[in-house]
Amino acid sequence: MSHMFEVSDLNASGVQHRELCAKANQVCDSIFGERVFVRAVIEASNYCRENCTYCGMRRDNKSLPRYRLELDALRRIVFDDLPATVTDINIQTGEDPVAVREVLLPLISEISHSTSLGISVCLGTLDTRLYGELKDAGATYYIIKMETGDEEHYKKLESPGNLRERLDAIWHLHRTGWRVSSGFILGLPFQTPAIVQKTLDLLASLPLAGCSVSPFIPGESTPLAGHPMGSARQTLNAIALMRTMRPNWVIPAVSAMNLVSDTGYADALRSGANLTTINMTPPERRGDYLLYDKKRFIMKEALILRDIEKAAKRPSLTSLASYFESLNQAV
Ligand code: 5AD
């Protein structure tokens, strides 16, 4: 079987690596015209009913203080504090249906009624009724990562439910009118090249509007502490391959790129990534949104703008949501 992604290309180095990234950058510019989307993320709750071994917010991490932001605090961030370049808002939580029902549904309705912000959510797998309520409230983009595309590996990492259910959720969201983004982690423990190949092939087979790749960061309070972190170069190669294969995908530069290389974030924007994220979680809560480690790299507006400029790009004036809307009208 021939693959659209060749996993061996992930090891490209030197000239081969630079050419791969430069070509992907050109493909990206030909579609998006040197523009990069700028969204804000609010991490609204770190309660989580899942137990993924790579994630610091897993339910077995009993030492982590849990928080759920209140509606008023969220309103202040969205309506008073957003930097001018932000066109979209991404609301992210651990898997916490209580936060969705009690806080996020009313917040999303208010945002969609009183602003032109695009609304993305990253909330895990929920009851199908809740997806519908989120969409009715005004969210249009659902981010649901798989992290690995191999069933056994998925199970070993104690990822949510099982891989089949995750894929079913992606198809359900797509069929019910969401734009869907997924993603994976590169350099996960027990991840063989064959597993990466399988993951890339699986992602390519799904009805996705976007996809992320993050280098693995070992979390200090997770069962995977002590495993080596993922490679910056391989992650850039993965971004470039994804861009080349799916020119229209929305591909984020993830903040973990800052942890694997000083220039990682700007390099991602030069290798096919076209989405940046300003972190708007209140400073006193950021440390508890523990994906891997208390030592997070927090992307503020000034850093984002600096890296966009370093990559010879400009912030998009159009939101992700209206970009997708214009695609709907084109067909
Ligand atoms: N290393 C890298 N990325 C991680 N994520 C969670 N845990 C880790 C980790 N240990 C990423 C996943 C998740 C996103 C919010 O953070 O891609 O979807």
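From a predicted model like this one, the values you see are computed outputs, not experimental measurements. Remember, it's 1-based here, ligands and their atoms both numbered in the order they're listed.
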Is E95 salt-bridged to R49, going by a charged N under 4.0 Å from an acidic O? yes
Neighbour count >12 (heavy atoms, 6.0 Å) for atom CG, D262: no
When the ring planes of Y142 and W178 are compared, do they come out parallel, tilted or perpendicular, using 30° and 60° as the limits? perpendicular
Short N/O distance, under 3.5 Å, between E147 and ligand 1? yes
At a non-hydrogen distance cut-off of under 4.0 Å, which region of Y292 contacts ligand 1 (side chain, backbone, both, or neither)? side chain
Answer yes or no for A256: is there a heavy-atom contact with ligand 1 below 4.0 Å? no
Among protein heavy atoms, which lies nearest atom 2 (C) of ligand 1, and at what distance? P215 O, 3.2 Å
Quick one: does Q92 get within less than 4.0 Å of ligand 1, heavy atoms only? yes
Tell me, which protein residue and heavy-atom name are nearest atom 14 (C) of ligand 1, and how many Å apart are they? K145 NZ, 3.9 Å
Give me the nearest non-hydrogen protein atom to atom 5 (N) of ligand 1 as residue plus atom name, then the distance to 0.1 Å. I185 CD1, 3.9 Å
Can you pull out the closest protein heavy atom to atom 16 (O) of ligand 1? Residue, atom name and distance to 0.1 Å, please. L291 CD1, 3.6 Å
With no hydrogens and no angle check, just 3.5 Å: does a side-chain donor-acceptor pair link N61 and S63? yes
Would you mind checking which non-hydrogen protein atom is closest to atom 1 (N) of ligand 1, with the distance to 0.1 Å? I217 N, 2.9 Å
Sub-3.5 Å N/O-N/O distance, P218 and ligand 1: no
Is the shortest distance from a Lys or Arg side-chain nitrogen in R76 or D72 to a carboxylate oxygen in the other one below 4.0 Å? no
Can R68 be said to sit on top of Y47's aromatic six-ring, NZ or CZ under 6.0 Å from centre and within 45° of the ring axis? yes
Knowing that exactly one of N25, D307, N274 qualifies, which makes a side-chain hydrogen bond (donor to acceptor under 3.5 Å, both in side chains) with K313? N25
